[in-house]
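Written below as C-alpha cells is the structure these notes are about.
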Amino acid sequence: AEGPALHVGLAGLARDGPVEEVPRVELDAGLGGEDLEDAAALRLDDARGVDFTTLRRYEELITGRAGDFYFYQSAEELPASFPLLNVKYTLFPQRLPAAPEGFELFYDREIAVYRNTRVFERALVVLDHEVVADPAAILARVRSGSFDPSRTVLLEEPPGPVAQESGPGIPGADARIVVYEPDRVVVEARLPRPGFLLLLDNHYPGWRAFADGRERPIQRADYTFRAVALPAGSVTVEFRYQPLSFRIGAVASLLMAAF
C-alpha cells in the first residue's frame with residue numbers, strides 16, 4: 001500500500017467513533033514505519049508505538065520477551081494478550097480469505113481494514129482486584145488467552161485505604177473518556193461500590209491522577225497499565241503528565257523571571 005492510499009483508508013477510521021475517542025490500530029504485515037506517521041496525523045494510535053523507543057513491559061506483554069528492536073512488526077497470529085491492547089482495527093495490504101474470529105471487514109479498497117467487534121474500552125471500571133507480588137506471575141496470567149481485564153485488576157502492591165472508602169453507590173459501572181490528549185486524559189467514571197478505574201495505557205513515571213481534584217496514587221495494573229482506586233459514586237478522574245523535571249524547570253523559570 002502506498003502512503004497516500006493508506007491515508008485514505010485511515011481517514012475513515014478517524015471518523016468512526018466519538019470525537020473524543022482516539023482509536024487504536026494495528027498495522028500488520030506489509031505496512032511499514034512510514035505508515036505510523038499517516039496514522040499519527042489522523043489521531044490514530046498504533047499499538048506498536050510511534051518510534052523505536054518502547055517499554056520493556058509492553059514488549060513482554062505482546063511477545064512474551066523483550067529486546068527485539070522490531071518487536072511485533074510482522075506477526076503470523078494475534079498475541080495472547082491482544083484483548084488488553086485496546087486495538088479496534090487491524091490493517092492489512094489486502095483482504096484476507098476469511099475474517100479472523102471476532103473481526104468484521106470495515107474497509108476494502110486501497111487496503112483492507114478489519115474492525116474488532118470484541119474490543120475492550122480503553123477506560124474500564126473494575127470492581128474486584130487481586131494482589132500478586134510476582135510480576136512474572138501477572139504476565140503469565142494476562143498472556144494466558146483467557147484473562148478478562150474487565151472482571152479483575154491485578155496489582156503488584158495493595159491499593160491502600162482509598163479502595164475501602166464509602167460513598168453513595170449508583171447502579172451499574174461505567175467509564176467514559178471525555179478528553180484524550182498526549183499529556184492529559186479525563187475520564188468520567190461511575191461505580192456502584194468501591195473499585196478501580198483501569199486505563200489501558202502504559203504505566204510510566206511522570207503521570208499523576210486526580211479524582212474530583214484530589215490526587216490519587218496510580219498503581220501498575222495488569223503488568224503494564226494504570227489503575228486508580230476510587231470510592232463508590234460518580235467520579236471525574238484526570239490523568240496529567242507532569243514529570244518532576246517539568247516541575248523543577250517551571251520553578252527555575254519563575255525564579256529566574258523574578259530576578
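We number each residue from 1, following the sequence as shown. Here the structure is a predicted model, which means the values were calculated and not measured.
Side-chain atoms of Thr236 and Val186, non-hydrogen and from C-beta on, do get closer than 4.5 Å to each other.
The salt bridge (charged side-chain N to carboxylate O under 4.0 Å, His left out) test applied to Asp108 returns Arg95, not counting sequence neighbours. In this view, Tyr223 satisfies the ring-ring contact (aromatic ring centres under 6.0 Å, His included) rule with no residue, not counting sequence neighbours.
Judged by distance alone, with hydrogens and angles left aside, the side-chain atoms of Arg115 form no donor-acceptor pair with the main-chain N or O of Leu105 at under 3.5 Å. The backbone N or O of Leu61 lies less than 3.5 Å from a partner atom in the side chain of Ser81, making a donor-acceptor pair.
The heavy-atom pair separating Asp128 from Arg151 by the smallest distance is CB-O, 3.7 Å. Scanning both residues, Val125 and Ala175, for their nearest heavy atoms gives CG2-CB, 3.9 Å.
Aromatic ring orientation, Tyr241 versus Trp207: tilted (interplanar angle from 30° to 60°). In this structure, Phe92 and Tyr114 have perpendicular ring planes: the angle between them is above 60°, well past the 30° mark.
Relative to the six-membered ring of Phe210, Arg240 meets both conditions, a distance below 6.0 Å and an angle of at most 45° to the axis. Taking the ring axis of Phe239 as reference, the NZ or CZ atom of Arg184 does not stay both within 45° of it and closer than 6.0 Å to the ring centre.
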- [ ] Might you work through the side-chain contact (heavy atoms from CB on, under 4.5 Å) test for Val87 and Phe82, ending with a clear yes or no?
- [x] CA-CA 8 Å; Val87 171; Phe82 188 77; 3.7 Å; yes
Open item on the list: Go through it in stages, so that I can follow the logic: the residues are Phe225 and Leu84, the test is side-chain contact (heavy atoms from CB on, under 4.5 Å), and I'd like the CA-CA distance, side-chain angles, deciding distance and then a yes or no.
Closed with: CA-CA 9 Å; Phe225 300 113; Leu84 282 80; 3.6 Å; yes
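Hydrophobic cluster membership differs between Val119 and Phe103, with clusters built from Ile, Leu, Val, Met, Phe, Trp and Tyr side chains linked at under 4.5 angstrom. Under a hydrophobic clustering in which Ile, Leu, Val, Met, Phe, Trp and Tyr are joined whenever their side-chain heavy atoms come within less than 4.5 Å, directly or via other members, Leu55 and Leu154 fall into the same cluster.
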